[in-house]
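Protein chains get the first letters and strands the later ones, always in sequence-line order, with residue 1 at the start of each.
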Amino acid sequence: MLRGRVAEAEPDPAVAARIAAELGLDRPLPEQFLRWLGSVLTGDLGLSYATRTPVAPQLASALGVSAVLTTVALVLAAVIGIPAGVHAARRPGGVVDRVVAGMSVLGVAVPEFILAPVLVLLLAVAVPVLPALGWGDPAQVVLPALTLAAFPAALAAQLTRAETADVLGRPHVVLARAKGLPDRLVLWRHGARLALTGVTSFSGLFFAGLLSGSVVVEVVFAVPGLGRLLYDSVIGQDLPMLQAGLLAVVAVAVVVSLAAEALQLALDPVARTSVDA
Amino acid sequence: MRRAPVALTIVVAVAAIVAVVPLDAVSTDLTDRFAAPSPAHLLGTDHLGRDVLARLVGGARVSVGLTLVAVAGCAVLGTAAGLLSGYAGGAVAGVVQRLVDVLVAVPTIIVGLVVAAVRDPGTATLLIAVLVTGWSPFARLAHHLTVRERGREYVEGAVALGAGPIRIAVRHVLPNALRPLVAHACLRFANVLLSIAGLSFLGLGVQPPTPEWGVMLAEGRQFMFSAPQLVLLPAAAVVIAATIVTVLGRGLERRWSGT
């Protein structure tokens with residue numbers, strides 16, 4: 001990969017001093033940090049080295065794009081992974097269980113940078129039904145979202161299967177069966193619901209997977225999201241942009257972990273009433 | 001389980017072949033680009049007329065070699081930290097384990113981006129990026145194993161004989177914790193291999209023309225429509241290598257946990 005590098009010539013001391021003053025580099029480090037913190041808190045993320053325009057609007061638009069992509073991927077993953085896990089747990093060792101287990105091993109073992117070109121070859125080249133890259137058209141969301149969904153779907157299937165198999169052996173499920181409730185109702189109302197509370201507690205794993213996945217996916221499919229912004233700012237040595245992007249990643253991580261806790265409280269009445277359950 | 005010995009045999013055999021066979025993976029021949037498979041080039045040639053098989057095998061050396069170094073580094077650092085926190089307990093364990101809790105959740109690709117922003121992309125950048133977070137799962141496992149072993153009678157015996165804490169940790173606790181750690185290293189192998197190939201794919205790790213599977217994928221992607229095998233072959237290599245070592249790790253784990 002080529003990297004733009006400024007020629008290694010001696011800089012003019014006067015120009016160097018002017019730029020250092022402009023960037024505040026002549027100030028002591030603690031003051032630099034406080035100035036940076038102050039401007040971040042007032043919504044000023046600085047100017048991009050690459051475009052000389054404010055970072056904040058670019059970051060906002062990238063966040064919006066990534067939010068769409070990640071949400072579609074997560075919905076896909078939930079729609080595929082959770083039912084697959086629940087059905088696999090109904091009969092451990094059965095055909096469904098084996099197929100789901102095999103698929104989920106593949107989903108975790110095949111990284112995005114392999115899945116992406118393979119999906120492009122299948123769905124954009126061999127059977128040209130979808131655009132191979134780009135962003136803006138709903139059809140262009142499908143391939144990146146599918147690629148990004150593979151890991152969370154596989155993880156959700158594995159976790160849901162394990163949790164459901166565990167829950168299905170508990171007394172309340174046996175009671176529900178003994179009452180003569182239909183199989184579907186027992187499985188979903190009494191089994192899967194409780195199992196999902198266990199799955200949501202792994203939100204950190206999902207988030208880490210989606211984050212690193214989105215860097216690769218957005219680079220491969222030319223999607224102007226947060227992952228692409230981070231990557232471009234590293235390649236272009238655009239430090240203000242990188243700093244702002246990483247700040248956004250941390251902020252999103254905090255929001256996600258809070259949201260996961262809220263979801264857990266909504267799903268699990270026990271967690272609502274007792275702290276040390 | 002029968003799979004572990006089979007996987008082990010395959011790994012050893014392939015590793016021996018890959019390590020020994022001399023192959024030319026970098027010399028180009030622009031008159032012979034995108035050649036179909038032939039006796040001279042068993043898997044054909046790439047966009048610069050380089051032998052694809054030689055590059056795949058060379059890639060095995062680089063990708064797997066780097067992964068082995070990185071996993072070994074992570075295992076040594078993490079085990080040392082886990083032994084320390086497990087044996088010292090108290091505030092030391094608190095600090096180490098909180099740090100581990102944070103680091104296990106940080107994706108290697110993100111760390112790689114940051115490290116590549118500060119240094120130039122390259123092999124050293126790659127190893128640093130993997131090491132920064134990669135030691136944490138080992139530290140977590142080593143901590144739990146150490147806490148478990150510390151309560152055993154042989155440790156009491158060693159204390160009664162007057163052995164110091166470092167001697168007990170290294171000579172007595174470590175050998176008893178070694179098997180689960182080795183099995184865990186096999187399971188981490190796939191993860192690290194994918195990180196290394198992924199970062200190289202993004203251009204932040206191993207640099208062309210060095211044959212590396214991630215680099216080959218990135219180069220092949222430009223010719224995906226006319227020569228899909230340039231993408232599919234390195235992709236298959238990565239997935240197969242990761243799967244075999246994972247199967248091996250699971251087998252070892254099952255065998256050594258005595259079930």
Would you mind checking which part of B:Leu232 comes under 4.5 Å of any heavy atom in chain A, side chain (CB onward), backbone (N, CA, C, O), both or neither?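 Contact with chain A: side chain only.
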Note to self: Shorter than 4.5 Å, heavy atoms on both sides: which option in A:Leu106, A:Val110, A:Ile114 has the most such pairs with chain B?
What the structure shows: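 Among the listed options, the one with the most contacts to chain B is A:Ile114.
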- Looking at A:Val219, A:Val105, A:Val220, A:Leu115, which one has more heavy-atom pairs under 4.5 Å with chain B than the rest?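 Of the candidates given, the most pairs with chain B belong to A:Val220.
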What's the shortest heavy-atom distance between [X] and [Y], and which atoms?
| X | Y | answer |
| --- | --- | --- |
| A:Pro117 | B:Val231 | CB-CG1, 3.6 Å |
| A:Val234 | B:Ala117 | CG1-N, 3.9 Å |
| B:Pro107 | A:Ser212 | CB-CB, 3.6 Å |
| A:Val216 | B:Phe201 | CG1-CE2, 4.4 Å |
| A:Phe113 | B:Ala197 | CZ-CB, 3.6 Å |

Worksheet entry | Winner by heavy-atom pair count (cut-off under 4.5 Å) against chain A, out of B:Ala190, B:Ala242, B:Gly198 |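 Highest number of pairs under 4.5 Å: B:Gly198.
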Please identify, among B:Leu113, B:Ile109, B:Val239, the residue contributing the most non-hydrogen atom pairs under 4.5 Å to chain A.
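Ranked by contacts with chain A, first place is B:Leu113.
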Review point. If contact means a heavy atom pair closer than 4.5 Å, which residues of residues 252-259 of chain A contact chain B?
Key: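 Not one residue of residues 252-259 of chain A has a heavy atom under 4.5 Å from chain B.
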Original post:
Within residues 215-223 of chain B, which positions have a heavy-atom distance to chain A below 4.5 Å?
Top reply: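 Against chain A, the residues of residues 215-223 of chain B that fall inside the cut-off (heavy atoms, under 4.5 Å) are B:Leu217, B:Arg221.
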If I take atom CD1 from residue B:Ile110 and atom CG from residue A:Leu211, how far apart are they, to the nearest 0.5 angstrom?
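Result: 4.0 Å between the selected atoms.
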